[in-house]
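Small disclaimer: the values here were computed from a predicted structure and weren't measured. Atoms within each ligand, like the ligands themselves, are counted from 1 in listed order.
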Amino acid sequence: MDIILFGPPGAGKGTQAKRLVELLGIPQISTGDLMRAEAKSGSPLGEELQRYMSRGELAPDSLTIEVFKARLGQEDAKGGAIFDGFPRTTAQAEALEALLAELGRRVDKVVVIDVPDSEILGRITGRRSDPATGQVYHITYNPPPPGVEVVQRKDDTEEVVAHRLATYKAQTEPVLAYYDKKGVVVRVDGVGSLDEVTERIKAALGV
Ligand code: ADP
Ligand code: AMP
């Protein structure tokens, strides 16, 4: 099964993707995580990607598709994957379709996690993660257990969030029309407890 988790920054894509990994036994492919790992490595590609991420702008399609393709080709993604934060442009959606077609696969469902703008800022500025495990927390809604040292993403500031949200509306939301035509879009309400949202996604996927 190949599933896209779609929605604005802070919708809960990463959080829910990790839960679906357990449930469906297929990996999460997050282009944001892949780009942050590349940036951390200090490579020239990573330095370039970091410049886009710091500004809250999309990385160029060519670089993004290159990073994504390398991950999709790994052994654990042979039976399907959960795409988190990819595709974010129509060109990326077309590239995904071509890459999956080569493997005899296609996007089975696009799950849109709906969260109003008014919720986004608080979710993102309160986001923290454990660098050791990659687990994502929220200072209020999903606090880290005592003793776990968490960090904040550099692009999770109020200023950058506003730009990321504008970028989502201008460049990413229009990608939904591409999938609407294919009849694979399902929408779930992303407001509620983490468990409630997981249950809604499971129901939407029929799993
Ligand atoms: P995305 O991957 O879509 O950017 P995340 O999964 O990282 O979003 O979630 C953003 C923040 O919101 C995190 O701090 C996460 O703990 C928190 N969060 C996720 N789902 C919910 C929810 N249903 N209610 C409240 N906070 C949530
Ligand atoms: P995320 O972790 O999904 O919030 O993404 C963080 C940042 O990484 C984004 O603001 C972009 O700068 C970059 N990024 C992640 N995925 C993509 C993508 N599919 N296309 C372009 N840029 C991306």
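Considering backbone and side-chain atoms alike, L58 places every N or O at 3.5 Å or more from each N or O of ligand 2. Considering backbone and side-chain N/O of P9, none are found under 3.5 Å from N/O of ligand 1. Some N or O of A59 is nearer than 3.5 Å to an N or O of ligand 2, by distance alone. Taking any N or O of A11, backbone or side chain, at least one lies under 3.5 Å from an N or O belonging to ligand 1. Close N/O approach between Y141 and ligand 1 is not found [any backbone or side-chain N/O within under 3.5 Å]. The distance criterion of under 3.5 Å between nitrogen or oxygen atoms is met by T15 with respect to ligand 1. The shortest N/O to N/O separation between R127 and ligand 1 falls below 3.5 Å. Residue I124 has no nitrogen or oxygen atom sitting less than 3.5 Å from a nitrogen or oxygen atom of ligand 1, judged on distance alone. Residue G12 has at least one N or O atom closer than 3.5 Å to an N or O atom of ligand 1. On a distance-only criterion, V197 and ligand 1 share no N/O pair closer than 3.5 Å. For T31, a nitrogen or oxygen atom sits less than 3.5 Å from a nitrogen or oxygen atom of ligand 2, counting backbone and side chain alike.
In terms of protein heavy-atom proximity, atom 14 (O) of ligand 1 is nearest to Y137 O, 2.8 Å. The protein heavy atom nearest to atom 6 (C) of ligand 2 is R153 NH2, 3.4 Å. Given atom 4 (O) of ligand 1, the protein heavy atom at minimum distance is G10 N, 2.9 Å. The shortest contact between atom 11 (C) of ligand 1 and any protein heavy atom is with R123 O, 3.5 Å.
Both tests pass for R55 against the ring of Y52: distance under 6.0 Å to the centre and angle within 45° of the axis. Cation-pi geometry between K181 and Y179 is not met: the NZ or CZ atom fails to fall both under 6.0 Å from the ring centre and inside 45° of the normal.
Taking every non-hydrogen atom of E57 and a distance limit under 4.0 Å, the qualifying atoms of ligand 2 come out as 11 (C), 12 (O). Atom numbering of ligand 2 starts at 1 in the shown order; those under 4.0 Å from a heavy atom of Q92 are 18 (C), 19 (N), 20 (N), 21 (C). Here is the list of ligand 2 atoms found below 4.0 Å of a heavy atom in G32: 2 (O), 5 (O), 15 (C), 16 (N). Atoms of ligand 2 found under 4.0 Å from any heavy atom of T64 (numbered from 1 in listed order, with element): 18 (C), 19 (N), 20 (N), 21 (C).
A donor-acceptor distance shorter than 3.5 angstrom exists from the side chain of R200 to the backbone of D189, with no hydrogens or angles considered.
Not a single heavy atom of R55 sits closer than 4.0 Å to an atom of ligand 2. Distances shorter than 4.0 angstrom do not occur between any heavy atom of G7 and any atom of ligand 1.
Between D2 and R106 the shortest side-chain heavy-atom distance does not fall below 4.5 Å.
Taking each of R88, R164, M35, M53 in turn, the one with a heavy atom nearest to atom 1 (P) of ligand 2 proves to be R88.
In this structure S41 satisfies the side chain to side chain contact (heavy atoms under 4.5 Å, CB included) test together with E38, S43, sequence neighbours excluded.
From L63, atom CG reaches atom CG of L58 across 12.0 Å, with rounding to the nearest 0.5 Å.
Using a 4.5 Å cut-off between side-chain heavy atoms of Ile, Leu, Val, Met, Phe, Trp and Tyr, Y137 falls into a hydrophobic cluster with V148, V150.
Taking the six-membered ring for Trp and the full ring otherwise, the centers of F68 and F83 sit less than 6.0 Å from each other.
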